[in-house]
Amino acid sequence: MSAPLCLIDCNNFYVSCERVFRPDLNGVPVLVASNNDGCAVARSAEAKALGIKMGEPIHLIKDKIKAHSIRVLSSNYTLYADVQRRIIAALEPFAKDIEVYSIDENFLDLAGFEHLDLVAHAQAMRERVLQWTAIPTCVGIGTSKTLAKLANAAAKKNPLFDGVADLRDEQTRNWVLDRFSVEDVWGVGRATAAKVNALRIATAGHLRDMPMKQARSVGGVVLERIVAELRGIPSSAVEVMEPPRKGMAVTRSFGKPVTDFETLMGAIAQYASRAGEKLRNHGLVAGRLTVFFHTNRFKDNAAQYGASRMLTLHPMTNDTLELLQAARKGAERGWKEGFAYTKAGIMVEDLIAADARPRTLFEAGDDRRDRLMGALDAINGKFGKMTALTATQGFKREWRTKADLKSPAYTTRISDVPVVRC
DNA sequence: TCTGGGGTCCTAGGACCC
DNA sequence: TCTGGGGTCCTAGGACCC
């Protein structure tokens, strides 16, 4: 029998974070919007009950928002990241290892805790997180990540579990697996679900009983692993170390469509500069840069065009000005006049540690540019983002992302810290 | 007028090279 | 008459995740 592990997942995480500082948002329907205030990416229980779906475009549900006075907030990732940090600190004593899987989910390796009543243990961690951060959570226990995920979903869905579901017991496991459809299984999306549905495999239980060979031929190694995990055979362990990054991206939709090259280039320069900051923060250099931009794909009746151009960075670099130069070259190559562009982005790939960077023949010991980048980061760190910037980034920036409904930086900016008056 | 951003992994065709 | 195969690079897109 494999060692137990669990998944602790925050309930309606972004909404819960907003509610910590806004008690008036309790008990009423709340939505948190994606960047550009485009889609609903988090919904309170009340909003879910009104039938609002994950990822639903805000502008398509304007009437519903008005009719039910749904509160809509722009996303405030600085706040959410800070709350996440506090949650991980609260979980520390409850596990051998913690894998931070996403902003609101953590896998905990419970090896060495088997002698405890794990359901009580999980209740204690929920209590601790609630006490330290005021964020409600649910916990799923199992012998593989896929089972822990399913257990968590069961704990969320069925109040009988009281926030903690343990699938190590065979009867409970079978009961849960028979009640979730294949599409609810972690790693099974719409396309795979349709394929196995055609074979009369409808529930997670059916999927567990699918012959391995068949799983392999229908969905490759990915589906084969899922079937094994549903049988309680783990195919991936709880990993503390983050695997090395393959790439990084900075992409944004525009607040307003862009039709001329220099304005587009302003946005691209901004993203390239942000990509440089991210690389330097992680101590990495990149060997390739891709720049892309495209028109609004949701508009069927508008002329469509998109371009994506990859450039080799030689020597490998994290220097904003060099990234910018490459980005401009790529943007010029892909540019076509006469379209309304709504999104652009920069991706850097081929990443290696900056101190392991291969030197080129003509690279002298000149570190002026490194010092310039250091100074740029220091200024923007001290005086706020975009205090110092390149002229290409421009000053009007009409394409800027919308975030009209954003909450204050309650926990990370001193002027935004709530004041309690007695 | 208004439809997110950031990841990973995989596939596939054409260009080009040896 | 017979018209290769394997590698890499580039571009594009699909599938899935949160």
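Numbered from 1 within each chain, the chains take letters A, B, ... in sequence-line order. Since the model is a prediction, treat every value here as computed from it, not as a measurement.
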Would you indicate which nucleotide in B/dG5, C/dC18, C/dC16 comes nearest to any side-chain atom of A/Ala191?
C/dC16
Quick one: A/Tyr271 OH to B/dG5 C1', roughly how many Å, whole number?
11 Å
Under 4.0 angstrom between A/Ser253 side-chain N/O and B/dT3 OP1 or OP2:
no
Please classify the nucleic acid contact of A/Lys343 as base, sugar-phosphate, or nothing, using heavy-atom distances under 4.0 Å.
sugar-phosphate
Let's see if you can work this out: which of B/dG7, B/dT3, C/dC18 has an atom nearest to the side-chain heavy atoms of A/Arg245?
B/dG7
Within the pair A/Ser308 and C/dT11, is there a side-chain N or O less than 4.0 Å away from OP1 or OP2?
no
In terms of heavy-atom contacts, does NZ of A/Lys256 have more than 12 from other residues, nucleotides or ligands at under 6.0 Å?
no
I need the CD-C1' distance between A/Glu349 and C/dT8, as an integer number of Å.
15 Å
State whether the number of non-hydrogen atoms from other residues, nucleotides or ligands found under 6.0 Å of A/Arg413 atom CZ is greater than 12.
no
Tell me the interatomic distance from A/Lys53, atom NZ, to B/dT3, atom P, rounded to whole angstroms.
21 Å
Would you please confirm or rule out a distance under 4.0 Å between OP1 or OP2 of B/dC9 and any side-chain N or O of A/Lys246?
yes
How is A/Arg297 classified with respect to the nucleic acid when contacts are heavy atoms under 4.0 Å: base, sugar-phosphate, or nothing?
nothing
Starting the side chain at C-beta, find the nucleotide from C/dC18, B/dG4, B/dG7 nearest to A/Ala249.
B/dG7
For B/dG5, the Watson-Crick or wobble counterpart (both distances under 3.5 Å)
C/dC18
Which nucleotide in the list B/dT3, B/dG4, B/dG7 gets nearest to the side chain of A/Asn296?
B/dT3
Base, sugar-phosphate, or nothing for A/Glu56, non-hydrogen atoms under 4.0 angstrom?
nothing
Using OP1 and OP2 only, check whether a side-chain N or O of A/Arg309 sits under 4.0 Å from C/dC10.
no
Would you mind reading off the distance between A/Ile226 atom CD1 and B/dC9 atom P, rounded to a whole angstrom?
15 Å
Parallel, tilted or perpendicular for A/Tyr77 and A/Tyr14, by the 30°/60° rule?
perpendicular
What interatomic distance, in whole Å, is found between C1' of B/dC16 and the corresponding atom of C/dC2?
25 Å
Let me spell it out: for each of A/Pro244 and A/Gly38, pick the nucleotide of DNA chain B with the closest heavy atom. Which residue's pick is nearer the 5' end?
A/Gly38
Pairwise 5' ranking along DNA chain B for A/Gly247 and A/Tyr77, keeping only the more 5' one
A/Tyr77
Using only side-chain N and O atoms of A/Lys149, determine if any of them is under 4.0 Å from OP1 or OP2 of C/dC18.
yes
At 4.0 Å (heavy atoms only), tell me whether A/Val222 reaches a base, stays on the sugar-phosphate, or touches nothing.
nothing
Would you confirm whether the ring centroid of A/Trp186 sits within less than 6.0 angstrom of the ring centroid of A/Phe107?
yes
Write down the distance between CG (A/Leu60) and C1' (B/dC2), rounded to a whole number of angstrom.
8 Å
Would you kindly give the CE-to-P distance between A/Met310 and C/dG13, to the nearest whole Å?
14 Å
Rounded to whole angstroms, how far apart are CG on A/Asp37 and P on B/dG4?
11 Å
Is the count of non-hydrogen atoms from other residues, nucleotides or ligands lying under 6.0 Å from A/Gln325 atom CD greater than 12?
no
Return the nearest nucleotide to the side chain of A/Ser34; candidates are B/dG4, C/dC16, C/dC18.
B/dG4
Kindly assign one of parallel, tilted or perpendicular to the pair A/Tyr341 and A/Tyr305, based on the angle between their ring planes and the thresholds 30° and 60°.
perpendicular
Tell me: CZ of A/Arg252 to C1' of B/dG4, nearest whole Å?
9 Å
Taking the side chain of A/Met248 as its heavy atoms from C-beta onward, which of B/dG7, B/dG5, C/dC17 lies nearest to it?
B/dG7
Closest nucleotide among C/dC16, C/dC18, B/dG5 to the A/Thr192 side chain:
C/dC16
Below 4.0 Å: OP1/OP2 of B/dT3 and any side-chain N or O of A/Lys299:
no
Can you tell me if A/Thr342 touches the phosphate of B/dT3, counting only side-chain N or O atoms and a distance under 4.0 Å to OP1 or OP2?
no
Counting the atoms with a prime plus P, OP1 and OP2 as sugar-phosphate, which does A/Pro243 contact under 4.0 Å by heavy atoms, base, sugar-phosphate, or nothing?
nothing
Is A/Arg274 salt-bridged to A/Glu277, going by a charged N under 4.0 Å from an acidic O?
yes
Which part of the nucleic acid, if any, lies within reach of A/Val221 when heavy atoms closer than 4.0 Å are counted: base, sugar-phosphate only, or nothing?
nothing
Picking from C/dC16, C/dC10, B/dG7, the nucleotide nearest the side-chain atoms of A/Lys278 would be B/dG7
